[in-house]
Number of protein chains: 2
Amino acid sequence: MSDPSTKERLLDSAERLFAERGYAATSLRELTQDAGCNLAAVNYHFGTKEALVLAVLERRVRPVNEERLARLDALEAAGTPQLEDVLRAFVAPLLERHRDGAAVERVARLFLQLSTMRDPELQHYRLFQSTATRFVAAFLRALPEVDPVTVYWRITFMIPVVAMSFSDAERLAFLSGGTASADDTERALAHMVSFLAGGLRAPEPTAGGAA
Amino acid sequence: MSDPSTKERLLDSAERLFAERGYAATSLRELTQDAGCNLAAVNYHFGTKEALVLAVLERRVRPVNEERLARLDALEAAGTPQLEDVLRAFVAPLLERHRDGAAVERVARLFLQLSTMRDPELQHYRLFQSTATRFVAAFLRALPEVDPVTVYWRITFMIPVVAMSFSDAERLAFLSGGTASADDTERALAHMVSFLAGGLRAPEPTAGGAA
DNA sequence: GGGGGCGTGAAACGAGCGTTTCAATCATGC
DNA sequence: GCATGATTGAAACGCTCGTTTCACGCCCCC
C-alpha cells in the first residue's frame, strides 16, 4: 500500500479519468487498474459507480462552496459589499483552490457531465443549493438599481460562465490564438470578475427594443 | 410507413432521448422502439450510434450557424455594425429557430454532452469552426477600444452563456423564483444581448487590482 | 409483369459492463 | 500471540449493449 490510501487513490483516478475520458466511457476495470487496486474496492469503499463520481465531485465542490460562504460572511460583516467583492467571493475560491488550469478543468468537466444527466441518484445540485440562495440575495442587494427579474436572468447567465469557461483549455487557446491560459489564475479571475460585473450592471433592455 | 420517414423519426427520437436521459444512458433498443422501427435501422441509416448523435446535432446546429453567418454578412455589407448587432446576429438564430424553450434546451444538452467527450469520432466542434473565426473578427472590430487579449478572454466567457444558459429549464426557474422562462424567446434574447454587451464592453481589469 | 435494389424484420453474436461473492490477508487491541 | 474486524484479491454472474447477419417484402422502372 502506497502513501495515499486506497480510497484516496480511487478518488484521484476517478477524477482524472472521468474528466478526461468521460464518466460512461470509463470502466471500473480501467479505473481500479489506474488506481492500483482491486475491482471490488469500489464496491467496498463507495458502493456503486454513481456514488463514486458523486464523492469525487463533492470532494472538490464542498470546500469551494464553504469558502465562498465564508468570504461572503466576512464581506457582509464589514458592511455593504460592492458587486465586484461579491463576484470575487464567488469566483476566487474555485480558481485559487486548484493548483493549475488543468485541475479547474477537471472539476468543470465533471460538473458538466453530471449536469446533463437526470438520474435521480446523481443529485449533485444539492451541493450548491445553500450557496446559490445566499449569493442570489447578495447580488440583489449589490444591484439595487436593476430590476430583480433582470438580475435573476443575469445570474442564470453568470452560472455558465463560472461553470463552463475553464472546462476546455483548448477552446480558450483556440479563441485567443494562444495568448490566454487559465494557468494564470490571477489574470483569469480579474478578467472573469470584470466581465461578469459589466454584464450584471449593463443597461437594462428596453421593453420593445429587441429588433 | 408513417408520414415522417424512418430516418427522420430516428433523428427525432434520438434528439429527445439523448437530451432527456443522456447519450450513454439511452440504448439503441429503447431508441428504435420509441421511433417505431427496427434496431437495424440505425446501422442502415447512420452506421453507428456515434454517427447518429452527430447527425442529430448537425441537423440543428448547421442551419443556426448558416443563419448566423448570413446575418453577419448582411450587417457588414451595410457598414460597420454595432456590438449589439453582432451579438443579436450570433444569439438570435439559436433562439428563433426553435419553437420553444424545450427545443433550445435539447440542443444545448446535446452540445454539452458532446463537449465533455473527447472521442475523436465525435468532432462536433468542426461545426462551429468557420462561425467562430468570423465572429471573433467581428467582435474585435466592434470593440476597438478594448485590448484584443481581453476580447479573447471575454469571448471565451461568452460561449458558455450561449451554450449552457438554456440547458436546464429548472435552473432558470429556480434562480428566478419562477419569474423567468426561456419560452419567451424575445425577452430571453434581449436579456442575453444586454448582458453580453455589458460584459464585453466592461472596463478592463487593472494590472494589479485583483485583490 | 417481372426484376432489382432499397428498406425492414427477427435473431443472434461476442464483448464488456457493474456488481457480487467469498476466501485470504492485514492491522489492531486485548 | 491470538481473536476480531477491516480491507483486499481473484473469480464469476448475469445482464445489456452496439453491432452484424441474412432472409423477406415492397416499390419503381424498364
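Just so you know, these numbers come straight off a predicted model, no measurement behind them. Chain naming here is simple, since letters A, B, ... match the order of the sequence lines and numbering starts at 1 in each.
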*Contacts to DNA chain C from residues 14-30 of chain B, heavy-atom cutoff under 4.0 Å, which residues?*
B:Arg29

*Which pairs, with at least one residue in residues 29-39 of chain A and sequence neighbours excluded, count as a salt bridge (charged side-chain N to carboxylate O under 4.0 Å, His left out)?*
A:Arg16-A:Asp34, A:Arg21-A:Glu30

*asked:* Is the distance between the ring centroids of A:Phe111 and A:Phe128 under 6.0 Å?
replied: yes

Partner residues of [X] under the side chain to side chain donor-acceptor pair (under 3.5 Å) criterion, sequence neighbours left out:
X: B:Asn38; result: none
X: B:Thr150; result: B:Glu204
X: A:Arg68; result: A:Asn65

[X] [atom1] - [N] [atom2] separation (whole Å):
X: A:Gln33; N: D:dG9; atom1: CD; atom2: C1'; answer: 14 Å
X: B:Glu8; N: C:dG7; atom1: CD; atom2: P; answer: 13 Å
X: A:Arg9; N: D:dT7; atom1: CZ; atom2: C1'; answer: 12 Å
X: B:Glu121; N: D:dG18; atom1: CD; atom2: C1'; answer: 14 Å

*Tell me whether the OP1 or OP2 atom of D:dT7 has a side-chain N or O from A:Thr6 closer than 4.0 Å.*
no

*asked:* Can you list, in residue-number order, the parts of residues 34-48 of chain B that come under 4.0 Å of DNA chain D, counting heavy atoms only?
replied: B:Leu39, B:Ala40, B:Asn43, B:Thr48

*Could you tell me whether the side chain of B:Asp12 reaches within less than 4.5 Å of the side chain of B:Val56, counting heavy atoms only?*
no

*Check whether any side-chain heavy atom of B:Thr131 lies under 4.5 Å from a side-chain heavy atom of B:Phe135, and answer yes or no.*
yes

*So how far is it from B:Glu105 CD to B:Arg171 CZ, rounded to the nearest 0.5 Å?*
9.0 Å

